Number of protein chains: 2
Amino acid sequence: MMKTMTQGAAQAALPLNQILAGDCIEVMRSLPEASVDLIFADPPYNLQLRGDLHRPDNSRVDAVDDAWDQFASFEAYDRFTRDWLSAAQRLLKPNGAIWVIGSYHNIFRVGSAMQNAGFWILNDVVWRKSNPMPNFRGKRLTNAHETLIWASKSEAGKYTFNYEAMKALNEGVQMRSDWVIPLCTGHERLKDAAGDKAHPTQKPEALLHRVLVATTNPGDVVLDPFFGTGTTGAVAKMLGRDFIGIEREESYRAVAQERIDRVRKFDKSALETTGSKRAEPRVPFGQVVERGMLRPGEELFSPRGGIAKVRADGTLVGNDVKGSIHQVGAHLEGAPSCNGWTYWHFKRDGKLIPIDLLRQQIRAEMDADLGRPN
Amino acid sequence: MMKTMTQGAAQAALPLNQILAGDCIEVMRSLPEASVDLIFADPPYNLQLRGDLHRPDNSRVDAVDDAWDQFASFEAYDRFTRDWLSAAQRLLKPNGAIWVIGSYHNIFRVGSAMQNAGFWILNDVVWRKSNPMPNFRGKRLTNAHETLIWASKSEAGKYTFNYEAMKALNEGVQMRSDWVIPLCTGHERLKDAAGDKAHPTQKPEALLHRVLVATTNPGDVVLDPFFGTGTTGAVAKMLGRDFIGIEREESYRAVAQERIDRVRKFDKSALETTGSKRAEPRVPFGQVVERGMLRPGEELFSPRGGIAKVRADGTLVGNDVKGSIHQVGAHLEGAPSCNGWTYWHFKRDGKLIPIDLLRQQIRAEMDADLGRPN
DNA sequence: TAGAAGTGTGAATCGGAAC
DNA sequence: GGTTCCGATTCACACTTCT
C-alpha cells in the first residue's frame, strides 16, 4: 500500500521532456525506479588518443580530446561503466530495454558489463557509415562503423519490437543488423558561435529515428544519460515519445534545449506505423460455426488433400483425430504446430477458399461495431 | 647466449603444416614461444540456445548443439578465454598479431579479455553476411553479421598490414572495416559420409583469404588453435603461408587433412581475381524518411492528382489505403503494379519533383563511399 | 537443353495470452 | 506461477526436378 503510493507519487514526479543537469549516475539514482521504457546511451568511448593526427595535406584532425573522455585505466572505465549501467537498469520498467553505442575502444568492455549486470542482449547492430573518415596514415583499415548493443532489462523482459514497421522501412524484407546511415553533417550538425562543431560526437538523427521506431511506441518514456546536443530528445519529440535528458556540461545543455525547442512533432497519422497481426483480437474458430458461416458437417480441405469435417463445437474430426483446427492440421502434417486458419480451406462454387477469410470478415464486423479505424 | 640457442632449437622444432591433436591450451604451451607470425582463432561462441527452432514451414533449424560449445557460466567461459589467449600471446613473435572471430554472445567477453591481456586492438571488422539466416519468429533483427577483432601482441608491436594489397582488392580505395562476404555454402561446404555438414560453423575461404592477404606475408607462420575443418590451413597453403593447426576432435582433423591435401598453391596470376561490379543497390524508401529528406506527414503527389501522406516507417497512407510507395500508387491507378519512385512527387518551392531524385542522391553517396566489391 | 519451378538450409541466445 | 494451447513467422542461394 505504502509502496504503491510512493511509486505513484514518484511516477508523477518524473521530469518529462526536460534536460536535467548533473552527473548522470547521481541524477539517475534520484529518479523513481522502474519508470522508463527505453534508455539510449552514448557513453564516453575512452579513446586513449596519443598526440595529434594530421591529414596528408598537413591539416590537423579535430579529435576527441575532451576531459570527459579521459580515464586513468581500463579499471576506472569499467567501474564507471558498471555504475551507470546499474543506475540505468534500476530505472527501467521490467519490460524496458536499452541501447548503447560505442567503438572498439570501449564496446567490448560495455558489452561484458551489460551481460554481467543481467541485461539480455537481443542484437548487436552495426552502424555502417556511408562517409567515414579515411585512415590517413594507411596503417589500418578505414574505421567505417560503430557498434550498438540492444538489450532487454533481463532475460525475462518482454521487450518492444515493431517488427512490421522495421520490415516496412526496409521495403518489405526483414531489417538486418547492419544499418547504412551517413555521418551527421551539413545543416544537421550543430555549430557553436565560433562556427566550430558544438559537440565532437553528435549522432545522426536517422540513427535515432530507426532505434525509436523499432523499439518504442508513441507515448513511451526515453531516457538518455549522456544527452550531449540532444539528438535523442529531438527525435523523440518528432516521433511523439517523451524524453528525459541528463547532461553535465552547461554548453551542451543550452545547445540541446534550443534545438529541441525548434523541433515540431510529426502529425498523428504519420506516426502510426504498420502493426503486427498479433495485436489483432483473437477469434475462436467456434464463432465461424456459431454465425453459420460454416455448417457443422461441412468438409474442409488442406492444400495437400487432407480432409476434415466441422463439428458443432468448432472442433474438427478427420483421419482418426479430433481437435482444434490447429491440432488436426498439425497431426495431418506430422508437424509440431500448424496455423489452422491458413491451412484449412472450404469449397464454394468449386473453388477452395481459406477459412482465414471468414475470420477477417468477423474482425471487420467487430471493428465496425467498435467504431474503430481499419 | 643460452636463451638464443634454446630458441633456435625450438624454432627448428616448429611443426609446420601439420594438424596437432589435443587441447589447444596444452598444445600451445608445448610450442616454442615467440615463434608465430599470426594467429587466427574461431573459439566456441557459447551460444546458450534453449529449445528447438522451426522455420515457418515447420522444418527444424539444425542448430549448434555440440558439447564443445557448452559452458557452465560466463565465469567458466571467461576463464577458458583468458587461458587460451595467454597461451596464444606467448606464442606470438613480438611483431605478431591475432584475429579472433565471434558473435554478440561471446565477442564482448573476448574483446575485454584481449585488452586486459595487453593485446592492442587495431580494428574491429564486421563480416557482413550477404545471405544470413532470417529471424524466423520476427522477434529481433536478422542477425546478419559476425565480428572479428584484429590486434597486435602489444601496443609496441610493429604489425604487418599490406595496405596497398587491400586497397587494390577494393578497387583502388582504402579497405573499410566492414566486409561483405557470403556464407560458406555449396561445394566449399564440407560434408560427411552421410551428406550432412562436417562442421556446424565452417568459415568461408574468402574471409580467411582477406585476413591472410591483409596481415601476413608469404612464408609467414599462421597458427589456428580451433582448426575445425581447416579453412585457415587450406587458405594459408593456397597463399604460400605455413600453418599450424590444433584440433581436439578426431573427425574434424581427418576432414581437414584430406581437404588440405587436395589444395594446390596458387600461382601468382590466380591471386588477382577478386572484384566484380555489383548491381545497383536497392534503396528502401524508408531511408529517405530516416535521413530527413522527406518529413513524416509530408504530402506526395501523383501526376494525375493523387495525394498520399508519408509515415514514419516509410509507408504511405492515402485514399483509405496504406502500404509501400508502390502499393499505394498501384491502388490509386487501379493497376497491378506501379513504380512508386517515378510515380510520386514532392513539392519544393511550388514545383513537383519526383522522389526518385532522392534515391539518386542516396545512391550517389553510396557509390562515392561504398560502391565497391565491399 | 534451357528455363521454370520446387526444395533445402545457414553460429539462433526467436511467444504469449488465457486459464 | 505453472500449464495449455492458440497461431504467427523467412531471405538469399545452391541445388534438383520438371517442362
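By convention in this document, chain letters (A, B, ...) are assigned in the order of the sequence lines, proteins followed by strands, and residues within each chain are numbered from 1. Only a predicted model underlies this, so the values are computations on that prediction, with no experimental measurement involved.
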Distance-minimising heavy-atom pair for [X] and [Y]:
| X | Y | value |
| --- | --- | --- |
| Ala308(A) | Trp344(A) | CB-CH2, 3.7 Å |
| Ile121(B) | Ala151(B) | CA-CB, 3.9 Å |
| Ile39(B) | Pro225(B) | CG2-CD, 3.9 Å |
| Lys203(B) | Glu188(B) | O-OE2, 4.0 Å |
| Ala330(A) | Cys338(A) | N-CB, 3.4 Å |

Distance, [atom1] atom - from [M] to [N], rounded to whole angstrom:
| N | M | atom1 | answer |
| --- | --- | --- | --- |
| dT1(C) | dT17(D) | C1' | 14 Å |
| dT10(D) | dT9(C) | C1' | 11 Å |
| dC15(D) | dA11(C) | C1' | 23 Å |
| dG7(D) | dG10(C) | C1' | 26 Å |
| dT9(D) | dA17(C) | P | 14 Å |

Consider the side chain of [X], meaning its heavy atoms from C-beta on, and name the nucleotide among [options] that approaches it most closely.
| X | options | answer |
| --- | --- | --- |
| Ser337(A) | dC15(D), dG7(D), dC14(C) | dG7(D) |
| Val61(B) | dG16(C), dA8(D), dA12(C) | dA12(C) |
| Arg140(B) | dT9(D), dC14(C), dA12(C) | dC14(C) |

Does any donor-acceptor pair link the side chain of Asn106(B) with the base of dA11(C) at a separation under 3.5 Å?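 No pair found.
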Kindly say whether, by distance alone, the side chain of Lys139(B) makes a donor-acceptor pair under 3.5 Å with the base of dA8(D)?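 Such a pair does not exist between side chain and base.
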What is the distance, rounded to the nearest whole Å, between atom [atom1] of [X] and atom [atom2] of [N]?
| X | N | atom1 | atom2 | value |
| --- | --- | --- | --- | --- |
| Lys277(A) | dG16(C) | NZ | P | 17 Å |
| Leu148(B) | dA11(C) | CG | C1' | 13 Å |
| Asn170(A) | dT10(D) | CG | P | 13 Å |
| Asn123(A) | dA12(C) | CG | P | 13 Å |
| Leu53(B) | dT9(D) | CG | C1' | 10 Å |
| Arg128(B) | dA11(C) | CZ | C1' | 18 Å |
| Glu333(A) | dG7(D) | CD | C1' | 15 Å |
| Lys158(A) | dG16(C) | NZ | C1' | 7 Å |

Dot-bracket line, read 5' to 3' along DNA chain D, where crossing pairs take [ ] and | marks a partner on another strand, Watson-Crick or G-U under 3.5 Å: .|||||....|||||||||
Could you check whether [X] gets within reach of a base, just the sugar-phosphate, or nothing at all, counting any heavy atom under 4.0 Å?
| X | answer |
| --- | --- |
| Pro43(B) | base |
| Gly102(B) | nothing |
| His187(B) | sugar-phosphate |
| Asp66(B) | nothing |
| Asp62(B) | sugar-phosphate |
| Cys184(B) | nothing |
| Glu146(B) | base |
| Glu164(A) | sugar-phosphate |
| Ile325(A) | nothing |

Closest-nucleotide ordering on DNA chain C, the 5'-leading residue of Arg137(B) and Lys129(B):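 This one resolves to Lys129(B).
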Of Asn143(B) and Gly157(A), the one whose closest DNA chain C nucleotide lies more 5':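 Whichever sits nearer the 5' end wins; that is Asn143(B).
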Does anything in residues 114-126 of chain A pair up under side-chain hydrogen bond (donor to acceptor under 3.5 Å, both in side chains), and if so which pairs, sequence neighbours excluded?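 Residue pairs with at least one partner in residues 114-126 of chain A: Gln115(A)-Arg109(B), Asn116(A)-Arg109(B), Asp124(A)-His145(B).
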Does Asp196(B) pair with Lys191(B) as a salt bridge, N-O distance under 4.0 Å?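 Looking at Lys191(B) together with Asp196(B), the answer is no, because their closest N to O distance does not fall below 4.0 Å.
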So, is [X] close to the [N] phosphate, meaning a side-chain N or O under 4.0 Å from OP1 or OP2?
| X | N | answer |
| --- | --- | --- |
| His145(B) | dA11(C) | no |
| Asn339(A) | dA8(D) | yes |
| Arg60(B) | dC14(C) | no |
| His326(A) | dG7(D) | yes |

Single hit among Phe227(B), Trp68(B), Phe226(B) for ring-ring contact (aromatic ring centres under 6.0 Å, His included) with His199(B):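 The option that passes is Trp68(B).
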State, with a plain yes or no, whether a side-chain heavy atom of Ile260(B) is found less than 4.5 Å away from one of Phe243(B).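 The answer is yes, as the side chains (C-beta and beyond) meet within the 4.5 Å cut-off.
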Find every protein N or O atom lying less than 3.5 Å from an N or O atom of nucleotides 11-13 of chain D, and list the pairs.
from, atom 1, to, atom 2, distance (Å)
dC11(D), OP1, Gln174(A), N, 2.8
dC11(D), O2, Pro132(B), O, 3.4

Assess Arg128(B) against Trp179(B): is NZ or CZ under 6.0 Å from the centre of the six-membered ring, and within 45 degrees of the ring's axis?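 No cation-pi geometry.
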How are the rings of Phe108(B) and Phe108(A) set to each other: parallel, tilted or perpendicular (split at 30° and 60°)?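 Tilted: the ring planes of Phe108(B) and Phe108(A) meet at 30° to 60°.
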Do the rings of Trp99(A) and Trp150(A) sit parallel, tilted or perpendicular, given the 30° and 60° boundaries?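 Plane angle under 30°, so parallel.
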